[in-house]
Student: 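Have a look at the structure that comes next, please.
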Amino acid sequence: MAQQTEFSTALLDYVRTVSLRDDEILSDLRRETVELPMGQAMQVMAEEAQFLALLVGLTGARTVVEIGTFTGYSTLCMARAMPVNGRLITVDISEKWPMIAEPYWKRAAVADRIETRIGPAADVLTTLLTELGPDSADLVFVDADKVGYPLYYEKALRLVRPGGLIVLDNTVFFGRVLDDSARDTDTVAARELNAALLHDDRVDLAMLSMADGLTLAVKR
């Protein structure tokens, strides 16, 4: 059985050269984000955001919920993949990040598809379950504080329709899930959720070894 190829920096550069469909708006937003404190570490990789856009298109998503906006790069990519009457609700704890993102959303002519909610993600998800109802979202992307992932996942599972998709980012958490000495709350939450998902018969599951670990869960 073939094993996964180890991707050197040069090989990753090659993959991006032959597959990444970039443009000025996306590259400008990445450059601004990298200049922020922790910007490079927190920013979604360009190829991951392109993959998210592909998933939005494949699922025909018209209602998308994103937990964790940051500077709105993944928001922008997913919104572009939606129909003109699509609705992307992005959630963040701070207003400062969407304020950076909004000019880029406007430049890309997708701002009218994006709705920003500010507040604790668990509270916003509860509100959305009341406003939209269960089984109402086509795709939920979770990229926020890891300690909240188990709760966000449960609420997302109620919110997404049967056949809908939940995407969880950072599920290997910089490799810390393998470090038995790592007992911080974020690492423990990621580790425990990964273990629970394996046996969750409410979803079909795939965990991809790309970026910082990307888990896909399709609601049965």
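As the structure is a computational prediction, the values presented were derived from the model and not from experiment.
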Student: Under the side-chain contact (heavy atoms from CB on, under 4.5 Å) test against Met207, which residue among Leu197, Val172, Leu168 passes?
Tutor: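 Per the side-chain contact (heavy atoms from CB on, under 4.5 Å) rule, the option paired with Met207 is Val172, out of Leu197, Val172, Leu168.
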
Student: Looking at Met99 and Pro103, what are the two nearest heavy atoms and their distance?
Tutor: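 For Met99 versus Pro103, the nearest heavy atoms are O-CD, 3.4 Å.
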
Student: Say whether, by atom type as modelled, one donor and one acceptor occur between the side chain of Asp138 and the main chain of Thr63 under 3.5 angstrom.
Tutor: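 Confirmed, Asp138 side chain pairs with Thr63 backbone.
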
Student: Take a 6.0 Å sphere around CD of Gln40 and say whether it holds more than 12 heavy atoms from other residues, nucleotides or ligands.
Tutor: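 It does not: Gln40 CD has 12 such atoms or fewer within range.
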
Student: Is it true that Arg16 and Asp13 make a salt bridge, defined as a side-chain N closer than 4.0 Å to a carboxylate O?
Tutor: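 Judged by the 4.0 Å cut-off on N to carboxylate O distance, Arg16 and Asp13 do form a salt bridge.
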
Student: Under a 4.0 Å N-O cut-off, is there an ion pair linking Asp186 with Arg183?
Tutor: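 The answer is no: the pair does not qualify as a salt bridge.
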
Student: Checking side chain to side chain contact (heavy atoms under 4.5 Å, CB included) for the pair Val91/Val124: CA distance, chi angles, key distance, verdict?
Tutor: CA-CA 7 Å; Val91 183; Val124 176; 3.6 Å; yes

Student: Does any N or O in the side chain of Arg113 come within less than 3.5 Å of the main-chain N or O of Ala79, such that one atom is a donor and the other an acceptor?
Tutor: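 Checked: pair present.
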
Student: With a 3.5 Å distance limit and no angle check, can you tell me whether Thr5 reaches the backbone of Phe7 through a side-chain donor-acceptor pair?
Tutor: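 A pair under 3.5 Å: no.
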
Student: Got a sec, which pairs hit ring-ring contact (aromatic ring centres under 6.0 Å, His included) with one end in residues 35-75, sequence neighbours left out?
Tutor: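 Counting only pairs at least two positions apart or across chains, the ring-ring contact (aromatic ring centres under 6.0 Å, His included) contacts touching residues 35-75 are Phe70-Trp97.
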
Student: Please enumerate all residues that pass salt bridge (charged side-chain N to carboxylate O under 4.0 Å, His left out) together with Arg220, with sequence neighbours excluded.
Tutor: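 Expected list: Asp204.
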
Student: Do you know which of Leu36, Val44, Asp92 makes side-chain contact (heavy atoms from CB on, under 4.5 Å) with Thr71?
Tutor: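 Of the listed residues Leu36, Val44, Asp92, the side-chain contact (heavy atoms from CB on, under 4.5 Å) partner of Thr71 is Leu36.
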
Student: Hey, are Thr75 and Thr69 close enough side-chain-wise for a donor-acceptor pair under 3.5 Å?
Tutor: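 Note: Thr69 and Thr75 side chains miss the donor-acceptor criterion.
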
Student: Which distance, rounded to the nearest 0.5 Å, do you find between the CG of Leu159 and the CD of Glu154?
Tutor: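 The CG atom of Leu159 sits 13.0 Å away from the CD atom of Glu154.
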
Student: Considering non-hydrogen atoms only, spot the tightest contact between Ala122 and Leu151 and give its length.
Tutor: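 In terms of heavy atoms, the two residues are closest at CB-CD2, 3.6 Å.
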
Student: Side chain to side chain contact (heavy atoms under 4.5 Å, CB included) between Lys146 and Thr187: does it pass, once the steps are laid out?
Tutor: CA-CA 7 Å; Lys146 311 315 163 201; Thr187 302; over 6 Å; no

Student: Does CZ belonging to Arg161 count more than 12 external heavy atoms closer than 6.0 Å?
Tutor: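 Check passes, neighbour count above 12.
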
Student: Give a yes or no answer on whether the side chain of Arg191 reaches the backbone of Val177 with a donor-acceptor pair at less than 3.5 Å.
Tutor: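 Checking the backbone N and O of Val177 against the side chain of Arg191, a donor-acceptor pair under 3.5 Å is found.
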
Student: Ile114 versus Thr90: any side-chain heavy-atom pair under 4.5 Å?
Tutor: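 They are in side-chain contact.
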
Student: If you round to the nearest 0.5 Å, how far is CE of Met45 from CE of Met210?
Tutor: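 If I round to the nearest 0.5 Å, the distance is 6.5 Å.
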
Student: Taking the side chain as every heavy atom from C-beta outward, state whether Val167 and Thr215 have any atom pair closer than 4.5 Å.
Tutor: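 Result no, sub-4.5 Å side-chain heavy-atom pair not found.
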
Student: With Arg30, which residues qualify under salt bridge (charged side-chain N to carboxylate O under 4.0 Å, His left out), at least two apart?
Tutor: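 Salt bridge (charged side-chain N to carboxylate O under 4.0 Å, His left out) list for Arg30, sorted by chain: Asp22.
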
Student: Do the side chains of Glu24 and Arg31 get close enough for a salt bridge, i.e. N-O under 4.0 angstrom?
Tutor: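 So Glu24 does not pair with Arg31 through a salt bridge.
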
Student: Heavy atoms only: give me the nearest Ala111-Lys106 pair and the separation to one decimal.
Tutor: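 So the two residues come closest at CB-CG, 3.8 Å.
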
Student: Can you name the nearest heavy-atom pair linking Ser209 to Gln4, along with the distance?
Tutor: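 Ser209 and Gln4 have their closest heavy atoms at OG-OE1, 2.7 Å.
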
Student: Could you pull out all residues at least two apart from Asp169 that satisfy salt bridge (charged side-chain N to carboxylate O under 4.0 Å, His left out)?
Tutor: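 Counting only residues at least two positions away or on another chain, Asp169 forms no salt bridge (charged side-chain N to carboxylate O under 4.0 Å, His left out).
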
Student: Within the 3.5 Å criterion, strictly below it, is a donor on Ser19 or Glu47 matched to an acceptor on the partner's side chain?
Tutor: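 Result is no, nothing qualifies.
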
Student: Any Lys/Arg nitrogen of Arg107 or Asp28 sitting under 4.0 Å from an Asp/Glu carboxylate oxygen of the other?
Tutor: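 Here Arg107 pairs with Asp28 in a salt bridge, since their nearest N and O are under 4.0 Å apart.
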
Student: Residues two or more places apart in sequence or in another chain: which of them pass side-chain hydrogen bond (donor to acceptor under 3.5 Å, both in side chains) with Asn85?
Tutor: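 Partners of Asn85 under the side-chain hydrogen bond (donor to acceptor under 3.5 Å, both in side chains) test: Arg62.
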
Student: Does the side chain of Val65 come within less than 4.5 Å of Leu128's, by heavy atoms?
Tutor: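 Result yes, sub-4.5 Å side-chain heavy-atom pair found.
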
Student: If you round to the nearest 0.5 Å, how far is CZ of Arg21 from CG of Leu54?
Tutor: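 The distance works out to 10.0 Å.
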
Student: Is there a path of hydrophobic side-chain contacts, each under 4.5 Å between heavy atoms, that joins Leu88 and Leu139?
Tutor: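 They do share one cluster, since a chain of ILVMFWY contacts under 4.5 Å joins Leu88 to Leu139.
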
Student: For a quick check under 3.5 Å, do Thr126 and Lys155 share a side-chain donor-acceptor pair by atom type?
Tutor: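 Distance-only check passes for Thr126 and Lys155.
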
Student: Would Arg80 and Asp23 count as a salt bridge (Lys or Arg N to Asp or Glu O under 4.0 Å) if you check the C-alpha gap in whole Å, the side-chain angles of each, and the deciding distance to 0.1 Å?
Tutor: CA-CA 13 Å; Arg80 279 179 159 180; Asp23 62 31; 2.7 Å; yes

Student: Is the closest side-chain heavy-atom distance between Asp135 and Pro162 below 4.5 Å?
Tutor: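 Sidechains of Pro162 and Asp135: in contact.
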
Student: Which heavy-atom pair separates Leu52 from Ser74 by the least distance, and what is that distance?
Tutor: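 Scanning both residues, the minimum pair turns out to be CD1-CB, 4.0 Å.
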
Student: Give a yes or no on whether Glu95 atom CD has more than 12 heavy-atom contacts from other residues, nucleotides or ligands under 6.0 Å away.
Tutor: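 Not buried by this count: 12 neighbours or fewer within 6.0 Å.
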
Student: For Leu76 versus Ala108, what's the shortest heavy-atom pair and its separation?
Tutor: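 Smallest interatomic distance, heavy atoms only, reads CD1-CB, 3.3 Å.
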
Student: Any non-hydrogen side-chain atom of Val34 less than 4.5 Å from a side-chain atom of Gln43?
Tutor: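 Yes, side chains in contact.
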
Student: Quick one: do Leu55 and Leu216 satisfy side chain to side chain contact (heavy atoms under 4.5 Å, CB included)? Show the steps, please.
Tutor: CA-CA 10 Å; Leu55 292 176; Leu216 312 181; 4.0 Å; yes

Student: Quick one: which residue pairs count as a ring-ring contact (aromatic ring centres under 6.0 Å, His included) with a foot in residues 146-188, not counting sequence neighbours?
Tutor: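 Matches after skipping sequence neighbours: none remain.
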
Student: Do the non-hydrogen side-chain atoms of Val160 and Ile166 ever get within less than 4.5 Å of each other?
Tutor: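 Yes - at least one pair of side-chain heavy atoms lies under 4.5 Å apart.
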
Student: Show your reasoning for whether salt bridge (Lys or Arg N to Asp or Glu O under 4.0 Å) applies to Glu66 and Arg117.
Tutor: CA-CA 10 Å; Glu66 177 183 48; Arg117 301 285 184 101; over 6 Å; no

